J.: 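Please read through the structure below; I'll follow up with questions.
No experiment lies behind these values; they were computed from the predicted model shown. Numbered from 1 within each chain, the chains take letters A, B, ... in sequence-line order. These numbers come from the heavy atoms of this one structure, side chains and all, not from hydrogens, waters or symmetry mates.
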Amino acid sequence: MSTFLSARAMQRRSFFRVAGATLATSTLVLAGCKDDEEPVTPVASNVLRLGVVTSASGAETVTQESQENGVLNYAYLLEQLEAAFYTQVVAAPPADLLSDELAYLTDLRDHELIHREYLKAALGASVYDASLSTPLKFNFSSFTLTTRVGVWTAAQQLEDIGVAAYNGAGKLLTVTTNLLALGKIASVEARHAALVHEVLQSDSFASTIGADGLDDAKTPTEVIELIKTLLPIEVSVAALPTA
Amino acid sequence: MNILKLLADLAATTPDQFEQPAVRRDALNELGRFGAKTLAAALPLGLASVPALARDTRTILDSLLLALRLERLQNAFYTQALAAPATFFPADASIRASIVKIQAHQQQHATLLVRLISTSNGDVPALPRYDFTGSKNNTQAALFPSVFSNFDEFLRLAQLLEDTAVRAYKAMVEFLVQDNYILQTALQIHSTESRHASRIRTIRRQRGAVVKSWPSPADADITVANKTAVVYATEHATNQLLADYTSVPFRLLPIGSGPNLLTQSVPEAFDEPLAADSVDGLLNLFTL
């Protein structure tokens, strides 16, 4: 992990200008901080701090705009995760995959790649990994990707988390065009989730729907807790709005 | 609600609005005029009573009423289907079980919406009557003459209604942005409707229809021009705009899955909103 990040240390200056998210790493602190006036606080782990803006001088601030972009970066991170998952699965599908199932997985991969690139384009210079030359590498070793049941079970978890994440993130946004943008993606994720459930068990499309006919909603804190074993870095959502 | 958003509202609120009764219960009851500024409830006490700007208020109630119309119609649709003879349903029992679940959700949504509207002092309209053949009680040619005797015809209308619901809620949420509770509730209903639409589409595909689990330009067209075509009008957008009205350059991105990427995968990857008057028009086809 530190090798991966240290390779990017040379790009720290533009890296620090990213609005809406900042990735603080011990590597960066040790290798890059030459500003004598700024106290250096070593950071124990690699932390992506969504919603925090770090200036070139190292000063950290949270503004409404960086919070808004922090929420979009959070959605972007989830889309990166899903896209990486399906890309890996389509590249090496399990041997017992049934006919038609590879076509489903390919469609899902393409949709997630498109969502990822859409959010990246929407964030522009505020995308948290703007200066990384390669995307984060996610860790799917907790999944069993050598059997169709393992693949679809993993997909089910990721899709349900994605739907709940979008349902919980909408109210954190203040810009209606951003809300609309996430809404366009959220319903497609829910359609994915229902299909993925049906592949494994007929009539299981509604298993996340609770009282009042409402689908699940989760806060960023709950979502990050669920996916933290998949992430190569620690993600802090402390700076995101909570309501 | 974001505290900064609230502060922006405060700045735009006229001084006489500050003098309105400072009891949260009153604010809750003002939906008809001011919108349920409910969720300001989570804010420091003195701020909780500040009414929303009037321009947002009407839209929240309008949106709830449109949602209620939609949910009541769907509830009646599935209730009638479930009252049909057992032979109406396919042998695969999981299919009827899914329709039972979907009907229950629509009923729950309608009950929830009635509660939201009435506890906020809005008027809950009388329950309308429906003709799901689309013949308006035999006064015009039917669109779905066998809707409760031909299961595939039933599924076609179910798909149209569910996809309409997804689009309708999506268009609504931007008008609910001032009210966290109602906004999140609408989003949770929105994804429930999306799961319904996906399930109905999957059943249709298993029965031989050319249809994906999400709207796709590759789906076989099941609409009628000037009647139900509105359900997918503007749905298959191949273009997504950024905030500065430029297009997202999907063509340039390293995400190639062959020639269909721009014409098929991009439209599939996004559901589009549908304006309230278009939703109304579609519901009117089946409302007496």
J.: What residue, out of Glu193(B), Arg167(B), Arg205(B), Arg201(B), has the most heavy-atom pairs lying under 4.5 Å from chain A?
T.: Arg205(B)

J.: Could you check if a side-chain atom of Trp214(B) sits within less than 4.5 angstrom of a side-chain atom of Leu195(A), using non-hydrogen atoms only?
T.: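 Yes - at least one pair of side-chain heavy atoms lies under 4.5 Å apart.
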
J.: Under 4.5 Å, counting heavy-atom pairs only, tell me which of His190(B), Arg199(B), Gln107(B) racks up the most with chain A.
T.: Arg199(B)

J.: Would you mind telling me which of Ser94(B), Ala243(B), Ser191(B) has the largest number of heavy-atom pairs within less than 4.5 Å of chain A?
T.: Ser191(B)

J.: For Leu242(B), is it the side chain, the backbone, both or neither that has a heavy atom under 4.5 Å from a heavy atom of chain A?
T.: side chain

J.: Just give me the residue among Lys212(B), Glu174(B), Arg115(B), Gln106(B) that pairs up with chain A most often, heavy atom to heavy atom, under 4.5 Å.
T.: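 Among Lys212(B), Glu174(B), Arg115(B), Gln106(B), the one with the most close pairs to chain A is Glu174(B).
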
J.: Please determine, among Gln108(B), Gln188(B), Gln240(B), Glu272(B), the option with the most heavy-atom pairs under 4.5 Å with chain A.
T.: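 Top count of heavy-atom pairs under 4.5 Å with chain A: Gln188(B).
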
J.: Is the closest side-chain donor-acceptor distance between Glu189(A) and His115(A) under 3.5 Å?
T.: yes

J.: Counting only heavy atoms closer than 4.5 Å, note whether Val173(B) contacts chain A via side chain, backbone, both or neither.
T.: both

J.: Is the closest side-chain donor-acceptor distance between Gln74(B) and Tyr78(B) under 3.5 Å?
T.: no

J.: For the residue pair Ser207(A) and Ser204(A), confirm or rule out a side-chain donor-acceptor distance under 3.5 Å.
T.: no

J.: Against chain A, label Lys170(B) side chain, backbone, both or neither, depending on which of its atoms sit under 4.5 Å from a heavy atom there.
T.: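 Both backbone and side chain of Lys170(B) come within 4.5 Å of chain A.
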
J.: Contact part of Thr185(B) toward chain A, heavy-atom cut-off under 4.5 Å: side chain, backbone, both or neither?
T.: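 When you check distances to chain A, atoms from both the backbone and side chain of Thr185(B) fall under 4.5 Å.
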
J.: Taking side chain as everything from C-beta outward and backbone as N, CA, C, O, which of these in Thr111(B) sits under 4.5 Å from a heavy atom of chain A? Side chain, backbone, both or neither.
T.: neither

